[in-house]
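Input: a single structure, listed below in structure tokens.
Just so it is clear: chains get the letters A, B, ... in the order the sequence lines come, proteins before strands, and each one is counted from 1.
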Amino acid sequence: MAMRVARELQDGFYVNLGIGIPTLVANFVPDGMEVMLQSENGLLGMGEFPTDETIDADMINAGKQTVTAVKGASIFSSAESFAMIRGGHVDLTVLGAFEVDVQGNIASWMIPNKLIKGMGGAMDLVAGADNIIVTMTHASKNGDSKLLDTCSLPLTGKGCIKKVLTDLAWLEIQDGAFVLKERAPGVSVEEIKEKTQGKLIVPDHVPEMQFN
Amino acid sequence: MAMRVARELQDGFYVNLGIGIPTLVANFVPDGMEVMLQSENGLLGMGEFPTDETIDADMINAGKQTVTAVKGASIFSSAESFAMIRGGHVDLTVLGAFEVDVQGNIASWMIPNKLIKGMGGAMDLVAGADNIIVTMTHASKNGDSKLLDTCSLPLTGKGCIKKVLTDLAWLEIQDGAFVLKERAPGVSVEEIKEKTQGKLIVPDHVPEMQFN
Amino acid sequence: MAGFDKVVGSYEEAMAGIEDGMTIIAGGFGLCGIPENLIAEIKKRQTKELTIVSNNCGVDGFGLGVLLEDMQVKKMVSSYVGENALFEKQLLNGELEVELTPQGTLAEKMRAGGAGIPAFYTATGVGTPIAEGKEVREFNGREYLLEESIRGDFAIVKGWKADRYGNVIYRHTAQNFNPLAATAGKITVVEVEELVEVGELDPAHIHTPGIYVDRLIVGTFEKRIEKRTVTESA
Amino acid sequence: MAGFDKVVGSYEEAMAGIEDGMTIIAGGFGLCGIPENLIAEIKKRQTKELTIVSNNCGVDGFGLGVLLEDMQVKKMVSSYVGENALFEKQLLNGELEVELTPQGTLAEKMRAGGAGIPAFYTATGVGTPIAEGKEVREFNGREYLLEESIRGDFAIVKGWKADRYGNVIYRHTAQNFNPLAATAGKITVVEVEELVEVGELDPAHIHTPGIYVDRLIVGTFEKRIEKRTVTESA
């Protein structure tokens, strides 16, 4: 999945990667292309994890992991960081979700009757970005679809998602439907249909994903 | 007048001085007392004018005059500067006016049918400060009072002025009236009464101004 | 320049005046850049019924987490909480109230509080549970929420270096919410690692100008790491 | 790192895409920290019907004043104008429109524009002519005006030093409106005095992070002084 997301990168993109799968995207940036990672606690130009020698408690990312800064990085307050995010200056945001629906709604932070830990920066990220990729499994462990007609969980953002990448498919949300753009290698259109609860448009030809 | 204003200073005050008479206050800071001057273009800790040798086009005050910075100064953007002002962090603001009235209204930026150059930072200064001293002549050259029942000119701020210093008197605005607190040296209560159009309260004893 | 000397002699003096029921704004993100010793002083004082505005609530036994041990906190205003067991327990028991606020909105609420802006509009949270009871308004064809600013009776801040006038700089990402918190306290208390001479900090690179700072103290810090992540040394 | 190299080869390239009728946000206060050469390029191009958002409008023959000479400006959004005769003449003739905006509100409108905040409340201007047509609303017993944010088709900015990624620092009070303007342009163009190596600027002390900057050019500057005030040399 991270490899597929990497194909959406463009040279010179400022990118915010959520915690989990999105973080892995950094490992698949194509050769000759550079992206700069924004971390919403206040770092533009996040680098690799430090070594035991260079680790520094004052240098962390939004997931609270110890990190480094690349050459040319800048560090600023949380207000400045979210000015960048809210103001639409980040070129691409990649984050996980529990559910998305055909209206582009996303639910990613709260499961009623389970302990609520908070939304962190996710609501700001989905409200601020024009270009968001949601990465998640297509269905739950029980086989329940996460691509729905209407999100059942409380929302993180309304009408803000246009691109969804799952373990099965690459889909785009257009005019109240999921449009199936690509299949994951070896996955059939039938399986995707079966596991998509929301309205799905299947073009005549659905290519397999290509990776760089 | 600048000497009288200086008596209102306290050690450790952050002060914004308007253009003209207010600027002179800096020359009368009592010995052993330190104040720090804020200039709304983005300087906290304004120093003296530079010499021919140290003059620098990149170091000016809100009146566009070339200045210096004192040790311990800070320099910041206009948004940060007005965050300080609007947020009430400046301890004392001294500025000029055309008129003030018994409701604490101030008119200082616009004379209808004359060319309007703009309010600059004056509206922000009067809205943001709790502690403002207006310095002006008591009456115009024609003898028209500038201390009015109701300002005749378009306002700079509404209900924000409590202290007025003129060439004749020190007055405070309380409950819809000017209260005469001090007379300038050699000025009679009669003259002040005559030149004050707005409601004036004259206590039994009105001392002459004392200077440090 | 006694009037501008913000340095106080003890942590007791630094937090003098804190009272039950007050609102405290705290800098820090996770355990990074938190005012460790000011928090410890609040614990020592056993001040109760506090409303604490901070992005997170520390962990069990460290950071703001220690204030939970003796039930000092009435309410947390945060974007992400529950990294510690005691927090969860008190929340589930109804002993602790939480007002979840999106991280960017929280940062902006602090900045606005310090900047004399009582409220602002943001697209963040429209159509979500946090929009409940808030005005929604359209600008240029898009919906936005009205969010009100936050001020605190105290702001507690962790800086790196400061001079006696209270001019502060922060180190790396320990900056985070600290400069915002610093603007939003009726009384702003800053603890730093190092006191430098007045004039040593470049005026153009001061993160928090002294005008925002009421009290300053130099401390020593544990700087615990919450999620230690390393690559192999080369 | 071609994708992050913001440096362009000429002023022509720096202002490519500017069109009649656009809104341009300009940094600078008086003649201090103004993008002299970007303004000169706009004059050279004879782009017309411009709305210019800038605290001031330069002086006769220098700064934004030069754009008045050939009637390129339709409207100025400023806090203080009229330091030049041509400006007054065009204003009185009705050839030029002015929207006077309090200085702090203007700064905040730019910042809000860049920060995705469509509007905010401020006490500045309540009860004055600038409140006309604006919503007045009470928070905590005080009245505030609703002010909408500003964005520009272009922002033109004067920095001191920058690296190729567009990380910029400003010199002394030439900072003023520049970092705010830089956030609020659909296309932000920065001219600086000196290009430094990437990594040379301290990440914690960058005033404008490169994410806001689209084009960067190194220029030479006259830096005219508007009000020369000196004391006697010692």
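Each of C:Val126, C:Thr122, C:Leu180 has some count of heavy-atom pairs under 4.5 Å with chain A, and the biggest count is that of C:Leu180. Comparing C:Lys109, C:Gln175, C:Arg111 by heavy-atom pairs within less than 4.5 Å of chain A, the highest count is held by C:Gln175. Interface remark: of the candidates A:Ile75, A:Asn61, A:Ile116, A:Ile75 forms the most heavy-atom pairs closer than 4.5 Å to chain C. Put simply, of A:Ala73, A:Ser39, A:Ala62, the one with the most heavy-atom pairs under 4.5 Å next to chain C is A:Ala62. Per-residue heavy-atom pair counts under 4.5 Å with chain A were compared for C:Ser78, C:Ala107, C:Pro179, C:Ser79, and the maximum is reached by C:Ser79. Among A:Gly121, A:Ala122, A:Gly42, A:Ala69, the residue with the largest count of heavy-atom pairs under 4.5 Å with chain C is A:Gly121. Interface remark: of the candidates A:Lys117, A:Met59, A:Met110, A:Lys117 forms the most heavy-atom pairs closer than 4.5 Å to chain C. Comparing A:Gly118, A:Gly120, A:Ala57 by heavy-atom pairs within less than 4.5 Å of chain C, the highest count is held by A:Gly120.
Of the atoms belonging to C:Asn56, it is side-chain heavy atoms, and not backbone ones, that fall under 4.5 Å from chain A. For A:Thr156, the part lying under 4.5 angstrom from a heavy atom of chain C is the backbone only. Residue contact with chain C, scored on non-hydrogen atoms closer than 4.5 Å, is absent for A:Glu80. Contacts of A:Asn105 with chain C are absent, with no heavy-atom separation under 4.5 Å from either backbone or side chain.
At a heavy-atom cut-off of under 4.5 Å, chain A is reached by C:Phe29, C:Gly30, C:Cys32 from residues 25-41 of chain C, listed in order of number. Within residues 131-156 of chain C, the residues having any heavy atom less than 4.5 Å from a heavy atom of chain A are, in residue-number order, C:Arg142, C:Glu143.
Counting heavy atoms from C-beta on, the side chains of A:Lys158 and C:Thr128 never come closer than 4.5 Å.
Shown are A:Thr68, A:Asp58, A:Ile60; of these, the side-chain contact (heavy atoms from CB on, under 4.5 Å) with C:His172 is made only by A:Asp58.
Rounding to the nearest 0.5 Å places CD1 of C:Ile225 at 6.0 Å from OG1 of A:Thr66. Atom OG1 of C:Thr231 sits about 8.5 Å away from atom CZ of A:Phe49, to the nearest 0.5 Å. Atom CZ of A:Arg86 sits about 6.0 Å away from atom OG1 of C:Thr105, to the nearest 0.5 Å. Between the CD atom of A:Glu40 and the CG atom of C:Asn55 there is a distance of 9.5 Å, given to the nearest 0.5 Å. Here C:Thr173 contributes atom OG1 and A:Met46 contributes atom CE; the two are 11.0 Å apart, rounded to the nearest 0.5 Å. Here the straight-line distance linking atom CE of A:Met119 with atom CG of C:Leu106 works out to 10.0 Å at 0.5 Å rounding.
Salt bridge annotation for A:Asp52-C:Arg228: present, with a cationic side-chain nitrogen under 4.0 angstrom from a carboxylate oxygen. Looking at A:Asp56 and C:Arg171, a side-chain N of the basic residue comes within less than 4.0 Å of a carboxylate O on the acidic one, giving a salt bridge.
Counting heavy-atom neighbours within 6.0 Å of A:Glu48 CD, excluding the residue itself, gives a total of 12 or less. Within a 6.0 Å radius of CG in A:Asp167, more than 12 heavy atoms belonging to other residues, nucleotides or ligands are found. Remark: C:Lys186 NZ is loosely packed, at most 12 non-hydrogen atoms of other residues, nucleotides or ligands lying under 6.0 Å away. More than 12 heavy-atom neighbours from other residues, nucleotides or ligands sit within 6.0 angstrom of CG on C:Asn93.
Among all heavy-atom pairs drawn from C:Gly125 and A:Met123, the shortest one is CA-SD, 4.0 Å.
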Evaluate the criterion side-chain contact (heavy atoms from CB on, under 4.5 Å) for residue pair C:Gln103 and A:Asp124; output intermediate values, then yes/no. CA-CA 7 Å; C:Gln103 196 170 318; A:Asp124 304 279; 4.2 Å; yes
Applying side-chain contact (heavy atoms from CB on, under 4.5 Å), run through C:Val230 and A:Ile55 and close with a yes or a no. CA-CA 7 Å; C:Val230 291; A:Ile55 194 166; 3.8 Å; yes
